[in-house]
*Asks:* 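Dumping the structure here so I can ask a few things about it.
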2 protein chains.
Amino acid sequence: MWTKPHPYFYLYIYLVKDDAMKFEAATIKDIAKALGVSTSTVSRALRDSHEISPETKQLVIECAERLNYKPNPIALSLKEKRSRSIGLVVTEIANNFFSQIINGIESIAYDKGYNVIITQTFESYDREVMDVQFLASRGVDGLIISLSTETHDLSHLKALHDRGLPIVFFDRITDEINTHKVIVDNYKGSFEATEHLLQMGAKRIAVISSSEFLSITKDRVAGYKEALKMHGMEPTDELIHYSYYSGMVFSEVEEIINKLFTLKHKPDAILTTSDKITTGVLKTLKRRGIRIPDDVALAGFSNTDIPELLDPPLTIVQQPSREMGEAAVSLLLQMIESKRPIRDFEKRMLSPELQIRASSVVKKKAGKKPSGK
Amino acid sequence: MWTKPHPYFYLYIYLVKDDAMKFEAATIKDIAKALGVSTSTVSRALRDSHEISPETKQLVIECAERLNYKPNPIALSLKEKRSRSIGLVVTEIANNFFSQIINGIESIAYDKGYNVIITQTFESYDREVMDVQFLASRGVDGLIISLSTETHDLSHLKALHDRGLPIVFFDRITDEINTHKVIVDNYKGSFEATEHLLQMGAKRIAVISSSEFLSITKDRVAGYKEALKMHGMEPTDELIHYSYYSGMVFSEVEEIINKLFTLKHKPDAILTTSDKITTGVLKTLKRRGIRIPDDVALAGFSNTDIPELLDPPLTIVQQPSREMGEAAVSLLLQMIESKRPIRDFEKRMLSPELQIRASSVVKKKAGKKPSGK
DNA sequence: GTTGAAAATGGTAACGATTGCGTAAATAAA
DNA sequence: TTTATTTACGCAATCGTTACCATTTTCAAC
């Protein structure tokens with residue numbers, strides 16, 4: 001029996017709705033109800049199935065637009081066991097190399113209807129494991145990862161790989177898991193940079209690299225050594241140093257510089273093999289009043305967008321980071337969308353670019369070496 | 001009737017599994033089946049409900065660990081209408097200001113069990129709308145956003161706000177939507193920078209700012225103007241310029257510099273109000289051979305981590321970006337987790353820091369102004 | 001020995017979407 | 001007219017989880 005509601009009734013409804021409503025998008029059910037058809041019909045109409053009459057389709061599509069219907073990706077993920085999202089694990093976003101990688105990945109992923117979930121490890125193994133497990137539990141369809149410096153045990157990734165999750169490694173890769181990999185020619189990059197320093201007349205080139213356990217470190221140091229040998233010099237351990245946290249911990253870099261500059265024979269050039277190490281060295285040298293390139297020449301791997309604004313302008317080995325991201329995501333999507341499991345994997349190697357600037361170009365003063373061309 | 005399978009049978013099974021298996025995590029059903037109980041019991045046991053006997057709980061928990069059970073967040077999202085994830089919209093990741101913001105946000109979000117989905121607009125309105133709708137459809141529980149320069153119409157955000165989606169604005173905010181906001185004291189930042197330039201003896205300070213439609217631009221230019229007035233100078237339009245894409249389009253900056261340096265009375269100092277503009281101006285000035293600070297002093301908003309490595313070392317107004325991120329996410333989580341709708345919103349204003357370096361410190365040569373302490 | 005309440009567990013319907021199967025009506029072939 | 005075949009749609013299961021509503025068992029009180 002109907003009784004006129006108390007005036008507060010309306011207010012109450014309003015409050016309750018305001019609180020509970022949170023966020024209600026139109027569903028397939030709403031369309032079905034509005035049109036007096038079943039949800040299956042709506043679903044099929046929207047997917048343009050042949051078993052729905054043109055008129056019904058028309059009706060459904062119009063109604064969907066009217067209600068601003070958007071399929072619910074969460075429901076789809078649950079049903080289809082695919083999320084159309086891919087996971088990305090990088091060291092840190094606040095590093096141009098990685099943010100450019102991200103841009104490369106996203107540009108392609110978005111085009112293909114995938115979204116990218118980005119996580120950072122800050123070089124921590126624990127964070128990496130957490131990140132990877134988080135992404136897996138979120139149901140990503142694939143994973144793109146550059147290993148953290150602390151990662152020596154790969155079981156967290158092997159488990160996923162064994163279960164069939166597509167994975168692509170880039171930058172810091174591993175031999176222990178057989179899948180697609182994307183890197184630059186690290187050997188070539190440091191070979192050329194070293195050779196350049198030699199041509200500038202350097203006699204004692206020190207190298208400061210990332211953790212010696214990282215794949216990139218091995219290649220980059222190898223390139224350095226080979227360049228020395230090719231020019232008749234023997235690499236010495238006292239000039240080869242490793243920064244375990246890749247320059248992320250500034251004191252590591254400072255200590256290495258301290259060591260180098262208390263040597264009897266000080267270096268006359270330094271090759272650095274990662275972004276943070278490069279800027280860390282530059283900072284330390286400036287603080288100590290060591291002149292570049294007069295006292296020591298400097299060249300290093302870096303993807304900064306302002307190498308020419310530094311003092312001195314920096315000679316860098318630049319990685320085609322955007323292209324690397326594009327390559328990585330292309331390979332990953334190829335794996336994800338392939339029907340048959342892939343057995344042949346590719347290690348795609350891109351070319352770094354040596355950009356020569358003042359930090360390595362020694363003005364000929366006491367220089368007695370003609371230094372080629 | 002059983003017949004011995006053909007030898008290939010096993011191989012076939014293997015292939016099919018290999019192909020289809022993709023990725024099968026243990027579910028609550030597996031536990032239920034293994035233990036011969038119902039899924040409801042398992043669910044309750046895992047959530048430590050009082051209506052499950054201690055022995056059963058024990059059994060379930062052990063089994064869950066044995067099977068490495070992890071609740072499926074996707075199923076949970078669907079059921080609970082919350083995803084424990086928050087959406088972030090920034091201009092671009094490859095900008096220290098934003099990557100530091102991200103770190104601030106993530107540090108707190110992860111602690112509280114939320115994950116962050118990052119999207120970039122690259123200053124494009126269309127991208128912003130896409131990003132926001134993508135995040136909404138992904139069922140984020142809340143949104144943190146810094147508006148793109150092209151965004152004049154806010155209906156995409158108003159719609160979500162009206163539906164009750166918690167939103168926090170930071171950096172580039174708007175008055176049109178009533179919610180929490182986090183900014184730095186932009187007025188103060190540029191006031192102090194301008195005052196500093198004045199104290200260094202500058203007579204004609206130009207300002208190059210972002211789009212004049214952005215909230216930050218208004219405040220920053222206002223601070224600049226007020227500082228001039230306080231020191232008895234009248235702002236002139238010929239010294240006030242706007243880069244619509246905030247320095248993202250380099251030619252904009254070049255043109256502005258061109259204009260400024262073809263004036264009859266050239267500026268003797270420049271204040272830049274965003275990261276990209278600051279480095280863009282530095283680059284342009286260097287290319288044109290204009291000496292800093294001798295020909296023109298330079299100070300600008302920037303969050304670069306290497307201001308002291310630039311040539312010259314850069315005077316910057318630095319924003320406490322990490323803290324801004326932390327503040328934004330704290331406010332957002334507070335909104336998300338509040339039972340009652342929030343009616344009182346906060347505009348939290350943090351203090352920027354003026355770091356003085358050589359780019360603005362004019363060596364007293366022809367300088368006749370004592371310029372105080 | 002009923003009756004009652006409490007304790008422990010099961011069944012089932014959601015959440016939003018897809019899909020195989022069933023089936024009514026309409027048309028075509030016999 | 002009868003039998004196939006097509007067309008166009010509905011029903012119900014499914015994905016993993018939770019929550020409401022039974023139902024069963026246990027044990028105590030009368």
Side-chain angles (χ1 to χ4, degrees), chain A residues 20-61 63-64 67-85 113 136-141, chain B residues 20-61 63-64 67-85 113 136-141:
Chain A
M21 197 170 53
K22 276 296 172 198
F23 197 21
E24 281 164 22
T27 74
I28 216 165
K29 262 185 205 167
D30 300 327
I31 301 178
K33 205 169 293 173
L35 262 48
V37 297
S38 77
T39 57
S40 7
T41 304
V42 176
S43 171
R44 275 187 273 248
L46 291 173
R47 319 194 91 243
D48 202 28
S49 159
H50 63 276
E51 36 182 357
I52 299 294
S53 72
E55 305 88 62
T56 313
K57 268 184 200 168
Q58 189 59 24
L59 243 57
V60 169
I61 290 168
C63 183
L67 296 179
N68 190 28
Y69 167 80
K70 295 267 172 10
N72 181 333
I74 299 173
L76 282 174
S77 292
L78 183 60
K79 180 112 227 318
E80 300 193 347
K81 303 260 208 171
R82 68 181 312 206
S83 57
R84 295 196 81 84
S85 67
S137 84
R138 276 269 145 184
V140 293
D141 298 337
Chain B
M21 197 170 55
K22 276 299 173 197
F23 195 20
E24 281 164 20
T27 76
I28 218 166
K29 261 185 204 166
D30 300 327
I31 302 179
K33 206 168 293 174
L35 261 49
V37 297
S38 77
T39 57
S40 356
T41 306
V42 175
S43 172
R44 275 187 279 246
L46 290 173
R47 319 192 92 242
D48 203 28
S49 159
H50 62 277
E51 34 182 3
I52 297 294
S53 71
E55 307 87 61
T56 312
K57 266 184 201 167
Q58 187 61 22
L59 242 57
V60 169
I61 290 169
C63 185
L67 297 179
N68 190 29
Y69 168 80
K70 296 267 173 11
N72 181 332
I74 298 174
L76 282 174
S77 292
L78 182 59
K79 184 116 225 322
E80 301 192 347
K81 302 259 208 175
R82 69 182 309 208
S83 58
R84 294 196 81 81
S85 67
S137 84
R138 275 267 144 187
V140 293
D141 298 337

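Chain A is the first sequence line, chain B the second, and so forth, proteins listed ahead of strands; every chain is numbered from 1.
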*Asks:* Just checking Ser77(B): base, sugar-phosphate only, or nothing, at a heavy-atom cut-off of under 4.0 Å?
*Replies:*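 Here Ser77(B) touches no strand at all.
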*Asks:* Roughly, in whole Å, what's the span from CG in Asp48(A) to P in dA8(D)?
*Replies:*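 Answer to the nearest Å: 13 Å.
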*Asks:* How is Ser53(B) classified with respect to the nucleic acid when contacts are heavy atoms under 4.0 Å: base, sugar-phosphate, or nothing?
*Replies:*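 Ser53(B): backbone/sugar contact only, no base atoms under 4.0 Å.
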*Asks:* Nearest whole Å is fine: how far is dG16(D) P from Asp30(B) CG?
*Replies:*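 Spelled out: CG on Asp30(B) to P on dG16(D) is 8 Å.
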*Asks:* Examine dG16(C): is either OP1 or OP2 under 4.0 Å from a nitrogen or oxygen in the side chain of Lys81(B)? Give yes or no.
*Replies:*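 For dG16(C), OP1/OP2 do have a side-chain N/O of Lys81(B) under 4.0 Å.
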*Asks:* Quick one: Lys79(B) NZ to dT14(D) C1', roughly how many Å, whole number?
*Replies:*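 Atom NZ in Lys79(B) sits about 16 Å away from atom C1' in dT14(D).
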*Asks:* Salt bridge check, Asp141(A) against Arg84(A): does any charged N sit closer than 4.0 Å to a carboxylate O?
*Replies:*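 Looking at Asp141(A) together with Arg84(A), the answer is no, because their closest N to O distance does not fall below 4.0 Å.
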*Asks:* Of all the nucleotides listed (dT12(C), dA17(C), dC9(D)), which has the minimum atom distance to the side chain of Asn72(A)?
*Replies:*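 Nearest nucleotide to the side chain: dA17(C).
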*Asks:* Quick check for you: among dT9(C), dC9(D), dG16(C), whose closest atom lies nearest to any side-chain atom of Leu78(B)?
*Replies:*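 Of dT9(C), dC9(D), dG16(C), dG16(C) is nearest to the side chain of Leu78(B).
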*Asks:* Please report the distance, rounded to the nearest Å, between CD in Glu55(A) and P in dA26(C).
*Replies:*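 About 14 Å, once rounded to whole Å.
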*Asks:* Mind checking if Lys57(A) touches a base, just sugar-phosphate, or nothing, with heavy atoms under 4.0 Å?
*Replies:*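 No contact.
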*Asks:* Does some side-chain heavy atom of Ile74(A) sit less than 4.5 Å from a side-chain heavy atom of Ser77(A)?
*Replies:*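 Ser77(A) vs Ile74(A): side chains apart.
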*Asks:* Mind calculating the distance between CZ (Arg44(B)) and P (dG11(C)) to the nearest angstrom?
*Replies:*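 Atom CZ in Arg44(B) sits about 11 Å away from atom P in dG11(C).
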*Asks:* Heavy-atom nearest nucleotide on DNA chain C for Ile74(A) versus Ser49(B): which residue maps closer to 5'?
*Replies:*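 It is Ser49(B), whose closest nucleotide lies nearer the 5' terminus.
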*Asks:* Looking at every strand, decide which applies to Ser40(A) at a 4.0 Å heavy-atom threshold: base, sugar-phosphate, or nothing.
*Replies:*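 Base contact - Ser40(A) has a heavy atom under 4.0 Å of at least one base atom.
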*Asks:* At under 4.0 Å between heavy atoms, what does Arg47(A) touch on the DNA or RNA strands: base, sugar-phosphate, or nothing?
*Replies:*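 Sugar-phosphate contact only - Arg47(A) comes under 4.0 Å of backbone atoms but never of a base.
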*Asks:* Do Leu76(B) and Pro71(B) have side-chain heavy atoms sitting under 4.5 Å apart?
*Replies:*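 The answer is yes, as the side chains (C-beta and beyond) meet within the 4.5 Å cut-off.
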*Asks:* Taking for each residue the nucleotide of DNA chain D with the nearest heavy atom, is it Ser38(A) or Glu80(B) whose nucleotide lies nearer the 5' end?
*Replies:*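 Looking at the nearest nucleotide for each, Ser38(A) comes out on the 5' side.
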*Asks:* Nearest whole angstrom, please: distance from the C1' of dT18(D) to the CD1 of Ile31(B).
*Replies:*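 Atom CD1 in Ile31(B) sits about 14 Å away from atom C1' in dT18(D).
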*Asks:* Nearest-Å distance, CD1 (Ile52(A)) to P (dT19(C))?
*Replies:*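 One finds 13 Å between P of dT19(C) and CD1 of Ile52(A), rounded.
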*Asks:* Kindly determine whether Lys70(A) and Asn72(A) satisfy side-chain hydrogen bond (donor to acceptor under 3.5 Å, both in side chains), including the steps that lead there.
*Replies:* CA-CA 6 Å; Lys70(A) 295 267 172 10; Asn72(A) 181 333; over 6 Å; no
*Asks:* With a non-hydrogen cut-off below 4.0 angstrom, is Val42(A) in contact with a base, only sugar-phosphate, or nothing?
*Replies:*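 If one applies the 4.0 Å heavy-atom cut-off, Val42(A) turns out to touch nothing in the nucleic acid.
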*Asks:* For dG16(C), does either OP1 or OP2 sit under 4.0 Å from a side-chain N or O belonging to Thr39(A)?
*Replies:*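 Indeed not, no polar side-chain atom of Thr39(A) lies that close.
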*Asks:* Using a 3.5 Å cut-off and no angle test, enumerate the donor-acceptor pairs between side-chain atoms of residues 29-38 of chain B and protein atoms at least two apart in sequence or in another chain.
*Replies:*
{"unit_1": "Asp30(B)", "atom_1": "OD2", "unit_2": "Thr27(B)", "atom_2": "N", "d": "2.9"}
{"unit_1": "Ser38(B)", "atom_1": "OG", "unit_2": "Ser40(B)", "atom_2": "N", "d": "3.4"}
{"unit_1": "Ser38(B)", "atom_1": "OG", "unit_2": "Ser40(B)", "atom_2": "OG", "d": "3.2"}
{"unit_1": "Ser38(B)", "atom_1": "OG", "unit_2": "Thr41(B)", "atom_2": "N", "d": "3.3"}
{"unit_1": "Ser38(B)", "atom_1": "OG", "unit_2": "Thr41(B)", "atom_2": "OG1", "d": "3.1"}

*Asks:* Give me the atom names and distance for the closest heavy-atom approach of Arg138(B) to Pro73(A).
*Replies:*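 That would be NH2-CB, 4.0 Å.
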*Asks:* Below 4.0 angstrom from OP1 or OP2 of dA14(C), is there any side-chain N or O of Lys29(A)?
*Replies:*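 Answer is no, no contact under 4.0 Å.
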*Asks:* Without decimals, in angstroms, what is the distance between Glu51(B) CD and dT18(D) P?
*Replies:*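 Taking atom P of dT18(D) as the reference, CD of Glu51(B) is at 14 Å.
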